[in-house]
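Report on one structure; see the data block that follows.
All chains are named by letter (A, B, ...) in the order of the sequence lines, taking the proteins before the strands, and each is independently numbered beginning at 1.
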2 protein chains.
Amino acid sequence: MGEDRWQALSEEVAGWPRGQRSTFVTNFLRDLIVSGEIPPGERINERILTERLGISRTPLREAFKILEGEGLVSIRPNAGATVVRLSPEDVEDSLEILIGLESIGAERAAERATPEMIEEIAELDTRMVEAFERRELMDYFHINQDIHQKIIDAAQNEALSRVYSSESARIRRFRFAGNRDHARWAQAVAEHAQILEALRRRQGPLLRELLRAHHRAGWKIARKALETPEPTD
Amino acid sequence: MGEDRWQALSEEVAGWPRGQRSTFVTNFLRDLIVSGEIPPGERINERILTERLGISRTPLREAFKILEGEGLVSIRPNAGATVVRLSPEDVEDSLEILIGLESIGAERAAERATPEMIEEIAELDTRMVEAFERRELMDYFHINQDIHQKIIDAAQNEALSRVYSSESARIRRFRFAGNRDHARWAQAVAEHAQILEALRRRQGPLLRELLRAHHRAGWKIARKALETPEPTD
DNA sequence: CCCTCCCTTATTGCATGCAATCAATCTAAA
DNA sequence: TTTAGATTGATTGCATGCAATAAGGGAGGG
């Protein structure tokens with residue numbers, strides 16, 4: 001559990017404004033966790049992080065509590081915070097919720113999305129296809145996430161956006177694996193074109209089914225990559 | 001915003017164990033908020049609460065962060081924590097999510113509930129009918145909440161249980177209003193009998209539709225009670 | 001060789017102190 | 001009278017110190 005992992009982030013966060021320290025640490029830590037930079041099962045040492053970030057333990061510990069609420073870390077009394085280790089079943093559980101939420105969102109989005117929202121999603125789709133053609137997986141992945149969140153947002157249900165975003169973050173790392181397979185990647189791009197078209201034509205039920213199939217197919221591939229169990233460290 | 005509200009809870013929490021203080025304060029505060037004892041829009045004063053509870057500000061502030069994540073309070077820098085004020089639209093948004101989640105849960109529960117789980121729900125249902133006959137609204141309400149959560153739990157999807165529980169808490173206070181109308185109350189009890197029957201017979205789709213109708217009917221009544229806008233204080 | 005107990009050290013949980021910020025009141029000039 | 005500015009008190013954000021606990025390691029007995 002190398003201290004060297006934290007070496008990189010020396011001064012980069014100095015001077016976070018008063019009143020937002022815990023928020024910023026939370027976002028920072030969440031990124032490290034969902035990107036997999038801090039691996040599942042790893043204990044997060046308070047002292048090392050506070051020294052590297054140049055903040056005190058108080059806002060860091062507040063961040064732990066927030067991330068615990070999001071299901072990203074687990075805090076045991078006197079044993080600190082560890083990154084939660086999700087089993088394939090946990091991921092599948094979350095994915096089932098996400099699909100359910102997107103189903104709700106899809107029908108509402110088809111009804112309520114403004115032309116501007118649809119246009120914004122269309123632009124993201126264009127950028128995503130470009131990223132695909134350049135074979136920039138990371139870019140592609142982020143734009144992809146963004147599109148799905150924007151479709152949800154188009155439903156204009158704040159609770160839905162909040163829950164979806166939080167649940168989505170939990171399993172982001174695992175869904176990334178779904179794009180490793182190149183054939184699947186190309187297929188996903190094609191599906192997105194259909195999804196956009198259904199949204200444009202405001203075909204709610206179709207949109208719902210397309211999204212459902214899209215996720216299931218992605219997960220089928222991602223699951224394979226996860227069959228290799230993570231190290232128990 | 002009387003300090004007297006907190007008068008009651010002097011010594012009752014003394015001696016909360018190390019390592020669980022913030023958890024306990026969180027639960028305690030959540031109860032006060034979802035029950036409406038701390039009204040929406042009210043600012044929560046740290047000093048008063050810490051003095052009454054006999055704890056320091058640190059675990060209390062951690063509780064604020066957790067509750068903010070749950071959408072129950074809002075923290076503004078240098079202006080402390082205030083109980084969020086939900087509009088009828090916010091409640092309806094959350095309710096739509098809850099209905100969606102219960103739909104997922106219903107079908108899974110019908111497939112996966114163990115006989116023990118169903119039996120437990122049946123016992124709760126009996127107790128709920130008794131509470132109805134004794135006209136004990138508060139008891140009834142709590143058992144009712146418990147039944148819905150247990151149905152969800154029977155789906156054996158941890159993410160679902162977590163999200164449902166959190167989202168349910170957010171709008172608990174508002175759903176309470178749905179039972180004020182006596183005709184509706186009796187109707188709700190009858191619907192619960194059908195719901196239990198569908199679960200026993202493992203009729204997933206039927207269970208789903210019964211729950212959906214149950215919630216919609218409850219909300220229709222509750223909504224009336226909320227048309228009277230809350231004081232803007 | 002292994003197991004148990006004790007001790008040391010690292011780390012956590014929480015209380016508290018200090019500085020920054022906000023809010024309310026007062027003063028003075030227009 | 002009104003309003004801009006200053007001032008003081010209350011409250012928050014964060015850093016830090018101390019006590020409690022856990023984790024690790026060695027000594028001693030089996």
OP1, OP2 of C:dT11 versus side-chain N and O of A:Asn45: anything below 4.0 Å?
-> yes

Short side-chain N/O contact to C:dT11 OP1/OP2 from A:Arg47, under 4.0 Å = yes

Result of checking A:Ile221, A:Val91, A:Leu95 against A:Arg175 for side-chain contact (heavy atoms from CB on, under 4.5 Å) =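 Answer after filtering A:Ile221, A:Val91, A:Leu95: A:Leu95.
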
Among B:Leu29, B:Val25, B:Ile48, which one satisfies side-chain contact (heavy atoms from CB on, under 4.5 Å) with B:Leu53?
-> B:Val25

All side-chain hydrogen bond (donor to acceptor under 3.5 Å, both in side chains) counterparts of A:Asp125, not counting sequence neighbours =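 Per chain and number, A:Asp125 pairs via side-chain hydrogen bond (donor to acceptor under 3.5 Å, both in side chains) with no residue.
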
Can you name the side-chain hydrogen bond (donor to acceptor under 3.5 Å, both in side chains) partners of B:Arg57, sequence neighbours left out?
->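 With neighbours one apart ignored, the set is B:Glu46.
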
On DNA chain D, check which nucleotide each of B:Ala79 and B:Thr58 is closest to and give me the residue with the more 5' one.
-> B:Ala79

Closest-nucleotide ordering on DNA chain D, the 5'-leading residue of A:Asn78 and A:Ser22 |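 Its nucleotide being nearer the 5' end, the pick is A:Ser22.
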
Are there more than 12 heavy atoms of other residues, nucleotides or ligands under 6.0 Å from atom CD of A:Glu158?
->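 No, not enclosed.
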
Answer with base, sugar-phosphate or nothing: what part of the nucleic acid does B:Glu62 contact at a heavy-atom distance below 4.0 Å?
->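 Touches nothing.
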
Nearest-Å distance, CD1 (A:Ile48) to P (C:dT11)?
-> 7 Å

B:Glu46 CD to C:dC22 P, straight-line distance once rounded to whole Å = 15 Å

Is a donor-acceptor contact shorter than 3.5 angstrom present between the side chain of B:Arg18 and the base of C:dT12?
->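 Looking at the base of C:dT12, it does pair with a donor or acceptor on the side chain of B:Arg18 (distance under 3.5 Å).
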
What is the 5' to 3' range of DNA chain D, first to last nucleotide, that sits under 4.0 Å from any heavy atom of chain A?
-> D:dT12 to D:dA22

Between B:Tyr140 and B:Trp185, is the ring centre distance below 6.0 Å?
->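 Distance test on ring centres: under 6.0 Å, yes.
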
